[in-house]
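Notes follow the structure.
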Amino acid sequence: MDSIKEDNSYSYSIKKIYSPLPCSQNDLVDSMQTYFTLYKESIAHPELFWGNIAKEIDWFEPWTKVSDGQFPHCQWFCGGKLNAAYNCLDRHLSGNRKNKTALLWEGEFGERLSYTYQELSQEVARYANVLRRHGVNFSDTVIIFMPLIPQAIITMLACARIGAIHSVVFAGFSAKSLLERIVDSGAKVIVSADGGFRRGKIIPLKERVDEALKHTTQIQKVLLFKRTGAPTGWCHGRDYWMEEEASLVENTCEPVSLDSEHPLFILYTSGTTGKPKGVVHSTGGYLVQTAFSSKIVFDLQEDDLYWCTADIGWITGHSYVVYGLLANGASVFIYEGAPDFPSYDRFWQLIEKYKITIFYTSPTAIRSFIKWGPQWIEKHDLSSLRLLGSVGEPINPDVFLWFYKNIGKEKCPIVDTWWQTETGSILISPLPKVTPMKPGSATFPLFGIEPEVVDEKGEPMPAGKNGLLVIKKPWPSMLRGIYRDEESFKKIYFSRIPGVYFTGDGAYKDEEGYFWIIGRIDDVINVSGHRIGSAELESALISHPAVAEAAVIGVPDSEKGEALIAFVTLKEGWTSSLDLENALKEHVVKEIGSIARPKEIRFIDALPKTRSGKIVRRLLKEISREGHISGDVTTLEDSQCLDKLIKG
Ligand code: PRX
């Protein structure tokens with residue numbers, strides 16, 4: 001675990017930006033004074049606060065108690081019964097929203113699909129019936145391995161409708177990563193596609209499914225969508241075309257009444273161990289908080305067209321493409337492809353064409369836009385935009401200002417939203433039109449959330465001093481556990497600082513109480529806003545026959561936030577070469593997926609280790625970032641290896 005440096009001088013020179021948009025009479029919060037008053041009330045009386053918020057969701061049976069239990073095991077809206085798909089669909093069908101666009105999709109080649117709330121609800125019912133027909137029962141886990149097409153979202157909601165638990169695996173993951181998630185989740189059914197498109201090339205999803213299924217007999221049915229039309233292998237009795245199956249069933253399906261604590265989904269994320277963790281989310285608490293935060297953070301209005309560029313394989317796609325937005329009856333735009341294909345102005349074309357009003361993306365994407373130059377933006381009319389958002393990584397103040405000026409034209413507030421797979425919803429964020437922005441700061445906690453920056457003993461840090469970011473009280477959308485791994489759940493989040501939830505992030509608060517997130521302080525690396533555990537990368541490298549030992553670190557990267565550098569020692573008989581470097585990079589891609597491709601492989605004679613044999617990644621980081629070591633190295637087994645590294 002890293003120690004965190006104390007240099008926050010730059011933030012004080014940053015000027016506040018007051019919202020370019022005034023509040024209207026309909027806004028829930030119209031000033032910082034109201035925010036502080038309501039915030040204090042929400043912290044003083046959380047039961048009252050969350051009890052009122054939960055009334056915005058439709059319940060089949062009311063809860064008897066708002067919350068129960070303490071960290072690590074908390075329950076919310078106890079005894080309440082609801083259905084997430086009903087809340088995202090059916091409840092909008094009785095009024096004007098019935099014919100409102102729920103989902104609007106564009107494919108890489110300009111194909112377009114659109115669903116009203118009524119159409120979406122019928123499709124969801126159909127897929128739910130297909131899932132049942134193929135043996136998916138209440139509480140079964142279904143793996144979804146799909147490109148970003150509407151059918152992926154329909155499948156998620158179909159699972160929710162019948163009380164099955166979805167586990168979406170990002171389509172960029174390898175067959176091996178998919179297999180690992182299949183086995184851990186215990187799923188018997190996979191919903192996938194023949195493939196997907198990325199920059200005009202086919203991503204062979206079915207091939208990866210077939211490869212993964214060579215190593216397990218657990219999966220009984222594979223339901224496939226046709227996206228690319230490319231020929232695929234076929235296993236009779238196991239593989240079925242989803243559309244053919246859907247034509248055989250009814251387009252109605254009663255939503256199952258589920259306990260508030262019934263798991264809605266499992267989403268795997270990288271942690272400090274070599275194995276991805278299956279983060280489990282509930283139905284009631286998750287839905288209440290994602291719906292509420294969507295409404296206040298994105299200031300949703302009935303005529304908005306909202307676009308979040310995240311894939312549904314990540315938590316952002318779950319909370320702020322699907323559940324939070326559809327629960328509010330919003331119109332959601334999704335795009336299958338990359339921002340630079342076929343040209344660098346693809347995103348701006350889409351914003352202009354569809355008149356998108358809210359655009360939520362990542363600092364990595366913004367850094368790419370900056371690199372590609374303003375000429376791609378200037379060609380397009382972006383005047384429909386009224387709100388911008390950022391998520392996934394710290395946003396550098398200059399990147400924030402560029403976004404504000406070049407995309408928002410100084411007319412759109414930016415919400416820099418801090419949260420995690422585990423938190424389920426945004427916990428720290430400005431409220432647009434209300435919170436004065438400080439470029440680079442996620443600003444203040446949302447209602448009902450009590451974050452603090454503390455030292456190792458849990459004592460609050462003074463203003464301006466770096467410490468550990470913790471959340472002091474439970475919140476409705478917090479993770480309910482790590483699937484089949486109670487020990488890691490307790491150890492990772494609740495043991496380092498007793499009595500609170502430890503986020504794994506370093507942060508500080510400035511004198512005005514603004515939160516500044518520095519980044520991960522555990523062995524998790526954030527590449528382009530995607531979490532990758534160093535241990536996972538290291539096991540991938542060690543599985544190559546040439547590698548004896550490996551240590552992977554993240555170093556600052558002007559485009560991706562952090563880039564991966566792998567230090568490896570070779571087994572007897574192998575020598576370093578450019579070919580071997582490339583082979584190792586490819587090996588990691590094959591083992592984990594392309595998001596994990598190391599930027600550089602450095603061959604060294606020995607890794608720095610403590611006498612007890614633990615690799616000290618901190619020193620590798622220091623050498624890579626600063627070219628020297630300032631700390632104590634006397635506890636190392638062999639400090640000479642570091643001298644060589646520094647000279648090298
Ligand atoms: O380090 C923080 C960073 O992303 C981590 C969570 O990653 P993940 O679970 O994949 O979820 C990403 C999408 C919510 C956090 O521990 N992070 C997320 N948002 C921000 C951020 N760092 C700084 N500022 C943010 N706004």
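When a ligand or atom number is given, it counts from 1 through the structure's own listing order.
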TODO: Can you label the angle between the Phe49 ring and the Phe447 ring as parallel, tilted or perpendicular, going by 30° and 60°?
DONE: tilted
TODO: Compute the minimum heavy-atom distance from Gly392 to ligand 1 and say whether it is under 4.0 Å.
DONE: yes
- [ ] Report, in ascending order of atom number, the atoms of ligand 1 lying under 4.0 Å from any heavy atom of Asn526.
- [x] 3 (C), 4 (O)
Task: Donor-acceptor side-chain pairing of Thr423 and Tyr501 below 3.5 angstrom - done: no
TODO: If the plane angle is over 60° it's perpendicular, under 30° parallel, otherwise tilted; pick one for Phe36 and Phe444.
DONE: perpendicular
- [ ] Would you verify whether the NZ or CZ of Arg181 falls within 45 degrees of the ring axis of Phe173 while also being under 6.0 Å from that six-membered ring's centre?
- [x] yes
Task: Distance filter under 4.0 Å to Trp419 heavy atoms, resulting ligand 1 atoms - done: 6 (C), 14 (C), 15 (C), 18 (C), 19 (N)
Open item on the list: Within the 4.0 Å heavy-atom shell around Thr421, which atoms of ligand 1 are there?
Closed with: 8 (P), 9 (O), 10 (O), 11 (O)
TODO: Tell me which part of Glu393 gets within contact of ligand 1: side chain, backbone, both or neither, using heavy atoms under 4.0 Å.
DONE: backbone
- [ ] Could you label the plane-to-plane angle of the Tyr306 and Phe298 rings as parallel, tilted or perpendicular, counting under 30° as parallel and over 60° as perpendicular?
- [x] perpendicular
- [ ] Show which atoms of ligand 1 fall inside a sub-4.0 Å distance from at least one heavy-atom site of Val391.
- [x] 13 (C), 14 (C)
Task: Tyr335-Arg346 side chain donor-acceptor pair, cut-off 3.5 Å - done: yes
Open item on the list: Just to be sure I read this right, does ligand 1 sit under 4.0 Å from the backbone of Thr316, its side chain, both, or neither, counting only heavy atoms?
Closed with: side chain
Task: Aromatic ring pairing Trp307/Phe359, orientation class (parallel under 30°, perpendicular over 60°, tilted between) - done: tilted
- [ ] Decide whether an N or O pair under 3.5 Å exists between Thr503 and ligand 1.
- [x] no
Open item on the list: Counting only heavy atoms, tell me which of Pro394, Gly504, Ser390 gets closest to atom 22 (N) of ligand 1.
Closed with: Pro394
Open item on the list: Between ligand 1 and Thr269, is the shortest N or O to N or O distance under 3.5 Å?
Closed with: no
Open item on the list: Is it the case that the side chains of Ser293 and Tyr320 hold a donor-acceptor pair, with the cut-off being a distance below 3.5 Å and no angle test?
Closed with: yes
TODO: With heavy atoms under 4.0 Å as the rule, classify the contact between Ile395 and ligand 1 as side chain, backbone, both or neither.
DONE: neither
Open item on the list: Closer than 4.0 Å to some heavy atom of Ile517 - which atoms of ligand 1 meet that?
Closed with: 22 (N), 23 (C)
- [ ] Look at the rings of Phe489 and His73 and say which category their plane angle falls in: under 30° parallel, 30 to 60° tilted, over 60° perpendicular.
- [x] tilted
Task: Atoms in ligand 1 with a heavy atom of Asp505 nearer than 4.0 Å - done: 1 (O), 2 (C), 15 (C), 16 (O)
TODO: May I ask you to identify the nearest protein heavy atom to atom 7 (O) of ligand 1, giving residue, atom name and distance to one decimal place in Å?
DONE: Arg531 CD, 3.1 Å
